[in-house]
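Here's the structure we're looking at; comments come further down.
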Amino acid sequence: MSRVLRWLLLALYLIVVAVWPSAAAPVSLTATGAAVILAAIPGPVLLLAGAVAWLKHRPAHPATA
């Protein structure tokens with residue numbers, strides 16, 4: 001194996017092993033926080049909030065002449 005290829009493989013290994021966990025940590029923490037918040041709110045309240053948001057932002061119907 002050439003020396004350059006070895007260095008590229010080492011760099012790829014370090015990127016995957018060292019950088020990936022630190023880059024994935026904020027994503028997993030955000031998902032965990034969202035799951036905790038959604039679990040704390042009762043289901044009917046979430047459905048009501050979704051219905052209100054849909055009614056408030058529903059697409060406008062074209063005027064019929």
Side-chain angles (χ1 to χ4, degrees):
M1 233 191 262
S2 72
R3 188 175 286 232
V4 174
L5 184 59
R6 287 185 196 172
W7 278 110
L8 288 175
L9 287 174
L10 177 64
L12 180 65
Y13 173 78
L14 289 175
I15 287 172
V16 169
V17 171
V19 177
W20 173 251
S22 61
V27 175
S28 65
L29 289 175
T30 303
T32 303
V36 168
I37 290 171
L38 286 176
I41 301 171
V45 174
L46 287 174
L47 287 174
L48 180 64
V52 168
W54 181 79
L55 288 172
K56 186 176 179 181
H57 299 290
R58 67 180 171 200
H61 296 292
T64 56

* Spacing of CG belonging to Leu10 relative to CD1 belonging to Ile15, to within rounding of 0.5 Å -> 10.0 Å
* Asked: To the nearest 0.5 Å, what is the distance between CG (Leu47) and CD1 (Ile41)?
  -> 11.5 Å
Verify the cluster assignment for [X] and [Y]: are they in a single hydrophobic cluster under the rule of side-chain heavy atoms below 4.5 Å apart?
| X | Y | value |
| --- | --- | --- |
| Val17 | Leu14 | yes |
| Tyr13 | Trp7 | yes |
| Ile37 | Val45 | yes |

